[in-house]
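Inspection log for the structure reproduced underneath, given as structure tokens.
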Number of protein chains: 2
Amino acid sequence: MQINSIEKLLAQTLAETDLSKKQQAVLNASLSLFAQQGFEHTTSSEIAQQAAVSEGTVFKQFKTKQGILNALLEPFIENVFPRVLNEFTNKITGQQYHNFEHFLCYVVKDRLTFAMENQKQLKIFLQEIIRDETMVKVMYDKWQVLLDEHITPLFITFQKNKQLIDWPISRIMQYIVSILAGYILPRILTNSMATFDIDQSSQAASDFLLRSLTPLKD
Amino acid sequence: MQINSIEKLLAQTLAETDLSKKQQAVLNASLSLFAQQGFEHTTSSEIAQQAAVSEGTVFKQFKTKQGILNALLEPFIENVFPRVLNEFTNKITGQQYHNFEHFLCYVVKDRLTFAMENQKQLKIFLQEIIRDETMVKVMYDKWQVLLDEHITPLFITFQKNKQLIDWPISRIMQYIVSILAGYILPRILTNSMATFDIDQSSQAASDFLLRSLTPLKD
DNA sequence: ATTAAATGAGTAATTACTCACTCACCTTAT
DNA sequence: ATAAGGTGAGTGAGTAATTACTCATTTAAT
């Protein structure tokens, strides 16, 4: 019955809002239980018990079980696609010293870290997105904006500079995301994210991706 | 409210067992409903209605709702990891004319086809594996056997022949599976598997993978 | 006629959520 | 300082709705 290992997003949310101790306990307990057993298989009385709170308290703030879920997932959804990318883009387009390799290594490590720091939210997110069409649509739209407005202009300059293979941007990004997911998902499923060596993995992932995505020089 | 598009595994199961028409309808309806709404969000009365059957009939054969789920997932689990690989391995090790490129193209196309032909089972499978530790363990063990007994010896010969980069086999396979999943999962989530161009996608996937996994010749 | 399959009303259990009430703490009046 | 009054987070027994599953009975098949 350990406290949340890291779960930075939740910690941040709790710090920013001014929820009572008991309400914070409700969120904490819900996060752990939803991740462990799934949303549907977690009862309100379990949440109350785990949070050491009455069942009435569970519903005082967030009204419904779904309300608790939303409170947990909202900050995650706002942060899956790195805000950082925007900053990165701006830094880049003006100056020239950053290159695709830099960019790739940075993003890979950044997202693997994000996944590690928010395992439970990620697991709950996966459980939900697989059966909620609306959520899929929301994420897809966010993805499109990121792709069109931030990644595409950046990658086009990389391609002009012969640092990046001349493939459609969406195809390149698909591969990058696939490889990232390939490191993350198995560990989420087996609950072995704790023993994840981010430095080694992000190095390996970047190496692999660069081999394919860098144009052959001849 | 269309009939199952393809769902070959179910078709095969129905052909092999001798279930009554009504029991077959129960399986069909359950498959569609579980895939659309999720297992938990599908009620027995919905299954009965969709199958045009009384609610008692739903439980006659498979006893419980979980029983129906198992009947649907069992053939899927037995076939996610290609049986074909065994045959492929045997053909290969004796003779020499097959190479890594051959192998890769074959497997990629084969598994994309499998995913396309069994979308609904796949979606249900994903819903379940993400919250069922036992299932994860079962799949992990199957994966280990496949890796150790069939893939490793094959890949070692590819590596000896300088057709395949000298990385750990598990790492290479992780990347191959990641790329496959990257083609399949988005389409499962968006229910757009129907308009999937397997030939083009498997070609693109193989091209990408070969760029990284083939040793540099110099 | 006998067996098997199907029916659907009924049941027991679960569970998300409510609401009348408590009480610790604060503000204001005297 | 003290009493009176107010507030709102917290409580937990109770409720209404849902739903997986049963079984006595009917229907169909050979």
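Each chain gets a letter, A, B and so on, in the order its sequence line appears, and its residues count up from 1.
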Checklist entry - A:N79: what forms a side-chain contact (heavy atoms from CB on, under 4.5 Å) with it, not counting sequence neighbours? => result A:L9, A:R83, A:F114
Checklist entry - How does each nucleotide of nucleotides 4-20 of chain C score, in 5' to 3' order, for protein heavy atoms under 4.0 Å: base (B), sugar-phosphate only (S), or none (-)? => result --BBB------SBBB--
Checklist entry - Using the ring of each side chain (for Trp, its six-membered ring), is B:Y175 parallel, tilted or perpendicular to B:W167, with breaks at 30° and 60°? => result perpendicular
Next on the checklist: Salt bridge check, A:K142 against A:E78: does any charged N sit closer than 4.0 Å to a carboxylate O?
Outcome noted: yes
Let me have the donor-acceptor pairs involving side chains of residues 194-202 of chain B, under 3.5 Å, with sequence neighbours excluded, atom names and distances please.
unit_1, atom_1, unit_2, atom_2, d
B:T195, OG1, B:S192, O, 3.3
B:D197, OD1, B:D199, N, 3.2
B:D197, OD1, B:Q200, N, 3.1
B:D199, OD1, B:K109, NZ, 2.6
B:S201, OG, B:D197, O, 3.0
B:S202, OG, B:I198, O, 2.8
B:S202, OG, B:D199, O, 3.2

Item to check | Ring geometry between B:F158 and B:F103 (parallel below 30°, tilted from 30 to 60°, perpendicular above 60°) | outcome: tilted
Next on the checklist: Please enumerate all residues that pass side-chain contact (heavy atoms from CB on, under 4.5 Å) together with B:A71, with sequence neighbours excluded.
Outcome noted: B:L27, B:F62
Next on the checklist: Can you list everything that forms a side-chain contact (heavy atoms from CB on, under 4.5 Å) with B:K137? Sequence neighbours excluded, please.
Outcome noted: B:D141
Checklist entry - Using the C1' atoms of the five pairs at each end, what is the angle between the end axes of the helix from C:dA1-D:dT30 to C:dT30-D:dA1, to 10°? => result 10°
